[in-house]
Novice: 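Dropping the structure in here first, questions after.
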Amino acid sequence: MDGTRTGTMSSIRKMATLPSSFRKLVVTNFSNNFRQATEIQTSLGEVVAVGSNVKHLSVGQPVACMNMGSYSEYQVIPSKSAIPLPDLKPEYIALMASGITADLAFTECGPLKEGQKVLVTAAAGGTGQFAVQLAKLAGCHTIGTCSTDQKAAFLKNIGCDRPINYNKEDLKTVLRTEYKDGVDVIYESVGGDVFDICFNALARHGRLLVIGAISSYNFDAKPHSSSVLPRLPLSYMYSGKNEGKIYVQL
């Protein structure tokens, strides 16, 4: 780990071995489908070397980072990119991408207010579960969609007020009958028909934060003919100051 982007390994003053728990990226096959081709991604580990100008980090210190090259066995990064951790736990890996995504979305695009109704799609997924907890911490009524009773129970356990197992309940019907005044903030990760349902369930001055579209990530996914998108003058924004717009994270 070097103190500058232009530093070289010659500036390393001390070296240690990698932790025994370290795992390299394992390529299981050649595919243009990322999930099929890779087994693990990690940006979490111990500092094994530091540059001569680095004063705030030491060898053996647990850190996390989000730099290109996270799959490599060793990684040289600017010291400012290293996030110190109290220890090494798998949970910190999820915080790096999924947790930060939820936090930035709510902070920058959908400022939450106590008492608001917040819907999170794919709520038991990587970033969805953080969105549920952040909304609950903000004093909001949280609604979360999922696919199984087990996931619904998990959502209840982390504070979700109204889990919706869409394989047992119709999402559109639930929102129409139980939330007649609409939903204030929607954290949307699914896309397709779910996007249309969510948009139509927005409350007046509601905000729809588009985080992803997992329904279309597979190459064999069917094209979605939205009844909503053709009628919308979409505004791609990163500020939460303009209520009534659709906020899209690209």
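Residues: numbered from 1 along the sequence shown. Worth saying up front: this structure is predicted, and the values here are computed from it rather than measured.
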Novice: Given 3.5 Å as the limit, does a donor-acceptor pair link the side chain of D184 with the main chain of K117, or not?
Specialist: yes
Novice: With sequence neighbours excluded, give me every salt bridge (Lys or Arg N to Asp or Glu O under 4.0 Å) pair touching residues 123-132.
Specialist: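 Checked against salt bridge (Lys or Arg N to Asp or Glu O under 4.0 Å) - neighbours excluded - no pair reaches residues 123-132.
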Novice: So does D161 get a backbone contact from the side chain of T142, meaning a donor-acceptor N/O pair under 3.5 Å?
Specialist: yes
Novice: Tell me whether D193 is salt-bridged to K172, with the criterion being a basic N under 4.0 Å from an acidic carboxylate O.
Specialist: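 So D193 does not pair with K172 through a salt bridge.
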Novice: Does V48 offer a backbone N or O that forms a donor-acceptor pair with the side chain of E46 under 3.5 Å?
Specialist: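 No, E46 side chain to V48 backbone: no donor-acceptor pair under 3.5 Å.
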Novice: Quick check against the 3.5 Å criterion: does R204 have a side-chain atom that pairs as donor or acceptor with the backbone of G182?
Specialist: no
Novice: With a 4.5 Å limit on heavy-atom distance, are the side chains of K136 and I158 in contact?
Specialist: no
Novice: Tabulate below the donor-acceptor pairs under 3.5 Å that side-chain atoms of residues 83-92 make, not counting sequence neighbours, or state none.
Specialist:
unit_1: D87; atom_1: OD1; unit_2: Y92; atom_2: OH; d: 3.1

Novice: For a 4.5 angstrom cut-off between non-hydrogen side-chain atoms, does H56 reach S79?
Specialist: yes
Novice: Using modelled atom types only, decide if a donor and an acceptor are shared between the side chain of N200 and the backbone of D196 within a distance under 3.5 Å.
Specialist: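 Yes; judged by distance alone, with no hydrogens or angles, the pair exists.
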Novice: Under the side-chain contact (heavy atoms from CB on, under 4.5 Å) test against I164, which residue among T173, D170, L155, V174 passes?
Specialist: V174
Novice: Taking CG in D181 as the centre, count heavy atoms belonging to other residues, nucleotides or ligands within less than 6.0 Å. Is the count above 12?
Specialist: no
Novice: With side-chain contact (heavy atoms from CB on, under 4.5 Å) as the test, pick out the partner of L119 among I186, V132, V185.
Specialist: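 Exactly one option meets the side-chain contact (heavy atoms from CB on, under 4.5 Å) with L119, and it is I186.
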Novice: Measure from the side-chain N and O atoms of S189 to the backbone N and O of G212, and report whether any donor-acceptor pair falls under 3.5 Å.
Specialist: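 Checking the backbone N and O of G212 against the side chain of S189, no donor-acceptor pair under 3.5 Å is found.
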Novice: Hey, are the side chains of F130 and D103 touching, using non-hydrogen atoms and a 4.5 Å cut-off?
Specialist: no
Novice: Is it true that atom CD of Q150 has more than 12 heavy atoms of other residues, nucleotides or ligands lying nearer than 6.0 Å?
Specialist: no
Novice: Would you confirm whether T148, through its side chain, and K151, through its main-chain N or O, come within 3.5 Å as a donor-acceptor pair?
Specialist: yes
